Amino acid sequence: MISSIDKGMGRVCDAFGVAASLVVAFLALSVGAEVAVRNLGLPAFGWTLEMCEYGLLVVTFLGAPWVLRRHEHISVDVFTRALRPRTLRVLLTISDVVAATTCVILAVYAAEAAHEAFLKGSLLFKYLVIPQWIILSVMPLGVTLLAIEFLLRIWRRFAGPQEVNPA
Amino acid sequence: MSGIGWEVMLGLMGGSLVFLMGIGVPVAFAFLALNLAGAYLILGGESGLRLLALSTTEAVTSFALVPIPLFILMGEVLLHTGLATRAIHAIERLITGVPGRLSLVAVVSGGVFASLSGSSIANTAVLGRVLLPDMLRLGYHPMLSVGPILGIGGVAMLIPPSALAVLFGSLAGISISRLLLAGIVPGLLLATLFFLFIVTISRMRPALAPAQSAEREPLGARLRPFLINVVPLMAIVVVVVGSILGGYATPTESAALGSIATVIAAAAYRSLSWTAIRKALAGTAATTAMIFIIISGSITFSQILSFSGATRQLVALVVDLDIDIGTLVLMMLLVALLLGMLMDQISIMLITLPFFMPLIGMSDVDPIWFGVLMLIALEVGLITPPFGLLLFIMKSVAPDDVTMRQILVSIVPYIGIELLGLAVIFIFPILALWLPGFL
Amino acid sequence: ETVLRVGTFLSPQGVWHGPLEHLIETVNGKDTDLKLELVADPSSISPFQLGDAVSGGVIDMAYLSGAFYTNLVPEADANKLFNVPVAELRENGAMNLIDQIHRDKMGALFLGKMGDGIKYHIYTNRSSDEPRFEGWDMRGTPLYRPFMEALGANVIQMQGSEVYSAMESGVVDGYAWPLWGIGDLGLLEVTDYRVEPGFYNAEISVLFNEDKWNSLTEEQQDTLRSSVIETEEWFIDYRNRVDEEQRRLQADAGIEAITFSEEQSQDYVRMADEAGWAVVIENSPELGPQIKELTYTDKQ
Ligand code: NA
Ligand code: NA
């Protein structure tokens, strides 16, 4: 059961990794194209700036669970490095619980903010007019996945296939 | 707010942050956890938490941050297309018959990459992967193998393009183009000091860097690969700097042009493949996500601190102390160096700049000079334990038998040199301000 | 003593902060148990969230320009277009209408309006005899983008922090900004001309959380209302003084005024207003026209 959730998470995270990579390509190409178009004397796109901003949001919060799965989030291991494996496992589990709880609470309030914007029909009036709830949904989605991944880390540490690197 | 003094609150917030990081909570999530507590207690209950959700989202939804992924992308493209490897080998052919040869190759290549990429991480990874195995095989001491790579890696954030300088400029509200220009001379100064150190130490103690049998190639043959594989890459620099100065692009837009130019360069060398592109994009996305979630956590953290009044009180306290501005700048640099041992560069900027910039603004100190000094201090933080970003990168790209202990021993002289460079720029501000003076 | 938490969307120094400072001093100087305390500025709450902050009760009072909370109240976009003086708006029912809209949509009162008559101007490095900027590259924000397009300009979006570099190197030919404060952005040295007829208002609203308002005594409410009105009245002299200072500052920096014939100037301002109202009415087809009716006269 949990191992199939784990597999599913792997797929979702990889898909978001691909999405984040595509956003990076979009940043370079859209801004580059905007410069080219303008210097050719053609009208500027207008939407580049805000689309890039939303793109960064996607990279940050949908990329984060993928990065977590790849063990690439920065943590300070100087104090924990010297600990015995048993103690280390306990400490890392506590830290995963703290992180998972943080993500759950953040997800709840962020989802509430998105829901409220949805009910009110709030719109973001920029060059493009976009419903605010779409933008506000990105973070709750990302941190929910982060919470699941932190819990899966605990599960993997105690029940899953043994990993070489306990972090 | 609620009765407790700001000093106590500042101490509690800071202390809990260090505690959470200490037990292994990833940096970004330590910030986010503290923010939840801060939002509830300081902003006020559930509406505080809802506002926190909005601020955390908005913190990274900012066009000012776009150059960061783009500058990282330049480094990743150089890495995954093999352009970086070719350039290093070309520089290696050029530098022969000197003691500590490969260490000098590392410094020169690092300097070249610093001008091609805005990412210390990518640069360190490139040099670590390409040069380190050879150095270790030939019996180079860590101080002359791991050390120079780590030292020169940091210079990438001083010599433009630099993702960190862009971020510094936008957070501090100072001219980004001036700050970028101001970093060039200090960056070259540091590289020169590294170079001199290596030449000296390998003459004094030849055992640290075993001499290789010098194959006597004629200069022409040695120069050829350099002219073919390194010099043309400078076209990328021309695109980045030229597009700004020529009025074709803003500094942000120039980052996009730079990354496109890097891809075109790879194509021109017939090194471009879908695999390389995919790896470069994925590497950039991962590093960006990792950095940006820290940014979002720490921007919000400093917002909450500011809302609590602690920021204002601390500034007022320092102003009341009435110390002269030179001492004050030294104190600020000391704070940055100390925080640099524990935190990443972006978090330090986010935490300190809201305190520092108002104080600088009230004095007659040139903010560009101050910016360069801060960037050097932050650069030191990249290689100081316990938390040094480049140390982790090095550990992950170096062969497995390189221990963290060896890495730590290797960097001591380079930290010393960077502090020396910091002192020189502090005493001679003209070194930083000369180039931006032409703008 | 009731301490009210105030937030501003601008950094709390310089000419823009003057009106809020006056308001805070006025309230605190009165012989009541009310105290306003400035707790939030852009270093703690982003301008784009100040509306949410006052709506949710994180702060009690906000000093905020309409452009920053259109997600909550789309009609706030119209604030910049009012050309009926605020004292008259209080007479003719406009303030009541706007106040009601704010209560309905964001749970906040619309207590007052500062900034009447601080005009936006176009600043450029190119001279022109007529109010047409065909093919000019202009930095634009959603606030005045439609007007720039109506003038024939090619609108380019960029962050405020890049305008300096863009003007310096010629990426753009110009930008729009209020008469106040281009010196604070360092733009004096990279700007050659100011187009003289100004347009719109760099308005600032004073918003107040509705629940908090209802918890105040009637006397406290009266103190706040009268202090806001006093500040609105005080503001007119203040504005004239700062307007003059800023013009002098720009002249000293060598910025020349570009002027047009009276007729051209009128057309120019009308074009700006029409472009602005069209957007307001498109985004708020019902309330938009009602607001326009009460706040705007098409007489120059
Ligand atoms: Na660089
Ligand atoms: Na460090």
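Note that this is a predicted model, so its numbers are computed, not measured. So that the names make sense, note that chain A is the first sequence line, chain B the second, and so on, each numbered from 1.
- Heavy atoms closer than 4.5 Å to chain B are found in the side chain of Leu146(A), but not in its backbone.
- Side-chain contact between Glu253(B) and Arg38(A) is present, with heavy atoms from C-beta onward closer than 4.5 Å.
- Distance OG1/Thr284(B) to CG/Leu27(A): 10.0 Å, rounded to 0.5 Å.
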From CA spacing to verdict: side-chain contact (heavy atoms from CB on, under 4.5 Å), Phe29(B), Thr102(A): CA-CA 7 Å; Phe29(B) 300 92; Thr102(A) 302; 5.5 Å; no

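- Identified by a heavy-atom distance below 4.5 Å to chain B, the contributing residues of residues 113-131 of chain A are Ala113(A), Glu116(A), in residue-number order.
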Derivation and outcome, side-chain contact (heavy atoms from CB on, under 4.5 Å), residues Val35(A) and Leu257(B): CA-CA 8 Å; Val35(A) 177; Leu257(B) 298 183; 4.1 Å; yes

Derivation of the side-chain contact (heavy atoms from CB on, under 4.5 Å) call for Thr60(A) and Thr288(B): CA-CA 7 Å; Thr60(A) 307; Thr288(B) 306; 5.8 Å; no

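- In this structure, chain A has a heavy atom under 4.5 Å from the side chain of Leu20(B), while its backbone stays farther away.
- Between chain B and the residues Ala28(A), Gly63(A), Ala107(A), the largest count of heavy-atom pairs under 4.5 Å involves Ala28(A).
- Across all non-hydrogen atoms, the minimal contact from Trp66(A) to Ala282(B) is CH2-O, 3.4 Å.
- Note that CD1 of Ile277(B) and OG of Ser21(A) are 12.0 Å apart. Values are rounded to the nearest 0.5 Å.
- Residue Leu91(A) touches chain B through both its backbone and its side chain, counting heavy-atom pairs closer than 4.5 Å.
- Across all their heavy atoms, Ile260(B) and Gly32(A) have their closest contact at CD1-CA, 3.9 Å.
- With a 4.5 angstrom heavy-atom cutoff, Ser259(B) touches chain A only via side-chain atoms.
- Rounding to the nearest 0.5 Å gives a distance of 12.0 Å between CD of Glu58(B) and CD1 of Ile135(A).
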Intermediate values then yes/no, side-chain contact (heavy atoms from CB on, under 4.5 Å), Phe61(A) and Thr56(B): CA-CA 10 Å; Phe61(A) 287 104; Thr56(B) 311; 4.0 Å; yes

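- Heavy-atom distances place both the backbone and the side chain of Leu65(B) under 4.5 Å from chain A.
- In this structure, the portion of Leu36(B) lying under 4.5 Å from any heavy atom of chain A is its side chain and not its backbone.
- The heavy-atom pair separating Ala53(B) from Met139(A) by the smallest distance is O-CE, 3.6 Å.
- Residue Tyr248(B) places its OH atom among 12 or fewer non-hydrogen atoms of other residues, nucleotides or ligands, all under 6.0 Å distant.
- Residues of residues 51-58 of chain A that come within less than 4.5 angstrom of chain B, heavy atom to heavy atom, are Cys52(A), Glu53(A), Tyr54(A), Leu56(A), Leu57(A) in numerical order.
- Looking at Val59(A), the atoms closer than 4.5 Å to chain B (heavy atoms on both sides) sit in the backbone and in the side chain alike.
- Comparing Ala20(A), Ser95(A), Ala25(A) by heavy-atom pairs within less than 4.5 Å of chain B, the highest count is held by Ser95(A).
- Only the side chain of Leu52(B) comes within contact range of chain A, judged by heavy atoms closer than 4.5 Å.
- Interface remark: Leu51(B) contributes no atoms to any contact with chain A (heavy atom separation under 4.5 Å).
- Contact count against chain B (heavy-atom pairs under 4.5 Å) is highest for Asn39(A) among Val31(A), Val67(A), Asn39(A).
- For chain A, the nearby part of Leu73(B) is the side chain; its heavy atoms alone come within less than 4.5 Å.
- Residue Glu46(B) touches chain A through both its backbone and its side chain, counting heavy-atom pairs closer than 4.5 Å.
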